[in-house]
Colleague: 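What follows is a structure written as structure tokens; I'll ask about it next.
Reckoned from all heavy atoms, side chains included, excluding hydrogens, waters and symmetry mates.
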Amino acid sequence: MDLLTESVKSMNGYKLHIVNTDKYKTNTIVWKMKAPLNKESVTFRALLPYVLQSNSESYPTTGKLRTYLDELYGATLFVDLAKKGEYHIISFSMEVANEKFLADSSALLKKAFQFLAEILTKPNVQGESFEKETVEKEKRTLKQRIQSVFDDKMRYSNFRLIQEMCEEEPYSLHVHGDKDSVDQITAENLYQYYKNALSQDELDLYVIGDVDEKEVESFAHELLQFEDRKPQSISYLNYSRKNNVHEVKEEQDVKQGKLNIGYRTNVVYGDEDYYALQVFNGIFGGFSHSKLFINVREKASLAYYASSRLESHKGLMMVMSGIENKNYDQAISIINAQMEAMKNGDFTDDELVQTKAVIKNQLLETIDTARGIVEILYHNVVSKKDVTINDWMEKMDSTSKDEIVAVASKVTLDTIYFLTGKEEK
Amino acid sequence: MEKITFDQLQEELFYEKLENGLDVYILPKAGFNKTYATFTTKYGSIDDHFLPPGKEESVKVPDGIAHFLEHKLFEKEDGDVFQQFSKQGASANAFTSFTRTAYLFSSTSNVEKNLETLIDFVQEPYFTEKTVEKEKGIIGQEITMYDDNPDWRLYFGLIQNMYKNHPVKIDIAGTIDSISHITKDMLYECYHTFYHPSNMLLFIVGPIEPNQIMNLVKDNQGKKEYSELPEIKRLFEEEPTVVAEEKQVLQMNVQTSKCLVGIKAKNVNQSGEEMLKMELCINVMLDILFGKSSDHYSLLYNEGLIDDSFSYDYTQEAGFGFAMVGGDTDDPDRLADSLKSILLKGKENGVITNESLERTKKKKIGAFLRAINSPEYIANQFTRYAFNEMNLFDVVPTLEGITLEDIEVAANELLSEDRFTVCQVVPKR
């Protein structure tokens, strides 16, 4: 049985993906806009969705716009930004109650569609410019958003690792852009950028819920029409550090040191050995039964957390842990020893079976939420592959120990970043 | 087994109180892959002073012990329970709050085995001096991690301002010093006081067959012997209604300042319907005053006093309660003043209108539907409600019945100047 079926239709300028399910009390609509990451556009893209969601032609103030959402039984609208490989992705998500669970049933899905279309295509514009005050306000908030990364040391050290590791690559750009570039944005040039993005970005619309497909298609057809385009794509760039491991220590006033380590996996989503890489990451550091958790935390008591995760479209694996400053060398040597063990095939069948079971569980759980479904399906858009979740699970499940050892040999240590507290004198 | 149906929501809830006193709830969710179960004891960080069953003298235990106990329950003679769960394809976790300790798993296969593992590991404590010592290093790092987190420091700083004696002001994990005094005997004493089935609730939600699951739980419990537990005596010092401190400023390694305004609740002896109504009224009031559709939100945002980290919340449990409003800001003093004056004006007639009330009710009903998409939300919140003698599924009907007068009564009770306090985090000079 297929665990997840999407129907995909080509619309004018975008693809419409519908997943029909009666699991939820709400319907979810997600609009995605994808373009290559680059220095010139990253800050524009970081600002644009926040300007669009703050008001529009028919709802010229945030108060009016949000009042309307409240009236739609608290329909939610939020925007967010992500990096997937060398792409920058803007998402608009709406979730609206399914009227069949309400005493008064009005056509909420259609209204939500109309609202999203308004936000995307009818912004608050004066001539060839967004409304100036809105842009200025959102510029100020964007600067605060960029700055706030500094105050959360876990996010900060993760960001710094990527910055150091991918220095020459677009991937080093921050998803919220660059603080110094914010001031160069005006209501006029942002409006120009908006028109560009709508005519060039790769666009996808996802609708998840207990819906009538024909009806959804007609809403989409009626409300969202764009020019056809040939989205820009980036060929997979294989960066690697040829010389020694890059080691960076940064001193700040923190009590706990943050150790972040970056590896190149040289494998991306959709590659034949991607499934083996997932299992590799699971045995190494993905879960609470993994080598990192057991050895750094449970055996050596060095940390509360010690884990690894994959950046699937970029081919990176990142380790993170919070440790006492004085334990740096010990932690590094334990982590290195776990990586060596992986490369030598020094893991048991139990670890293998266990990890596969947990990954399978995780995938199935992900598709229990509407947002999870969108994230899983969108991997295929980014990678231009066509992997079903059934394929994914079967291939992951049939991975052998030899395949894991083979993929391990591709993994190379690239950068060690340590945010360390100031020495007490 | 009792069956409770919620027609409008198309949900059915099954319930039984077992002979040993354990409350068991089962909510089937067709179409989902995941089964989620929580096994929760009504024992949290505030329960640090109590009379152990069968003893004459009360004991005062070190700060952070409930949380420490939560960590240690996972460790058994033959290794840790995480291993067991992951072999069965499940992921397990636990958390300790002010009033509860919850153990949980989620899994898409081997549900029955996982459920037994959950119940058994919580009901079979195994503590040794050696493993207790080892855990001190791990929890020490957990505490240090939170010490560097400005939002956590701000949150606890605000609660510390409010409470003079009540243990809600103590960090859930304790301090590195306080946990150093914890011994295995203390852990056993706390365990035997609070982990009796009659002080616990088991909630299972997922694509399951209720009879089968209930029988499994009953069989499992039938094999274990529990003597009846006398009522647990928890001891709390008298707590004044006014705040302990009006303001606290923390200097930290941050670039952006943060500011929270808190209000200490006065009537904290409520439970059941009365508590549910109070809680909903205050939440509705905060939504009307500070929600994104409110004039105040626009005003504060336009002036640059708030950004999208701005939030507001009301917490109430037996013995304590508080509202808090705030977020990141460039001008923490001006934000504090503005928030205080908005809140105090909220009491005045005409600020909260019938129109805004009706709209907010709709918004809250939609939010409830969204929330019950989540098995985690249902299990965790249902338990919290049940421990306070409320029912999660009464939220919508209670909301619908709220009038302007109800909001006024609640606002008048909460909003009083001597119960306001401010906590700020500012960049270190």
Colleague: Working note: B:D308 + A:R145, criterion salt bridge (Lys or Arg N to Asp or Glu O under 4.0 Å); need CA distance, chi angles, decisive distance, verdict.
Modeller: CA-CA 8 Å; B:D308 38 22; A:R145 203 174 289 127; 2.4 Å; yes
Colleague: Counting only heavy atoms closer than 4.5 Å, note whether A:L69 contacts chain B via side chain, backbone, both or neither.
Modeller: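 When you check distances to chain B, no heavy atom of A:L69 falls under 4.5 Å.
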Colleague: Could you tell me whether B:D295 atom CG has more than 12 heavy atoms of other residues or ligands within 6.0 Å of it?
Modeller: no
Colleague: Kindly determine whether A:T62 and B:Y297 satisfy side-chain hydrogen bond (donor to acceptor under 3.5 Å, both in side chains), including the steps that lead there.
Modeller: CA-CA 9 Å; A:T62 303; B:Y297 183 90; over 6 Å; no
Colleague: Answer with side chain, backbone, both or neither: which region of A:F287 has an atom nearer than 4.5 Å to a non-hydrogen atom of chain B?
Modeller: neither
Colleague: Answer whether the closest heavy-atom distance between the side chains of B:T144 and A:Y304 falls below 4.5 Å.
Modeller: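 When only atoms from C-beta onward are counted, A:Y304 and B:T144 do not touch, as no gap falls below 4.5 Å.
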Colleague: For the residue pair B:N373 / A:T26, report whether a side-chain donor-acceptor contact shorter than 3.5 Å exists.
Modeller: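 Short answer, yes.
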Colleague: Taking side chain as everything from C-beta outward and backbone as N, CA, C, O, which of these in A:R140 sits under 4.5 Å from a heavy atom of chain B? Side chain, backbone, both or neither.
Modeller: side chain
Colleague: Using only non-hydrogen atoms and a strict under-4.5 angstrom cutoff, which residues of residues 349-357 of chain A touch chain B?
Modeller: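 The stretch touches chain B at A:D350, A:Q354, A:A357.
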Colleague: If we define contacts as heavy-atom pairs under 4.5 Å, which of B:E358, B:K362, B:K87 has the most with chain A?
Modeller: B:K362
Colleague: When you look at A:K153 and B:N253, which way does the side-chain contact (heavy atoms from CB on, under 4.5 Å) test go after all the steps?
Modeller: CA-CA 10 Å; A:K153 301 305 167 193; B:N253 172 26; 3.4 Å; yes
Colleague: Under a 4.5 Å heavy-atom cutoff, which of B:G366, B:S86, B:A90, B:A92 has the most pairs with chain A?
Modeller: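 The residue among B:G366, B:S86, B:A90, B:A92 with the greatest pair count is B:S86.
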Colleague: In terms of heavy-atom proximity below 4.5 Å to chain B, should A:Y305 be classed as side chain, backbone, both, or neither?
Modeller: side chain
Colleague: B:T108, B:T131, B:T360: which one forms the most heavy-atom pairs within less than 4.5 Å of chain A?
Modeller: B:T108
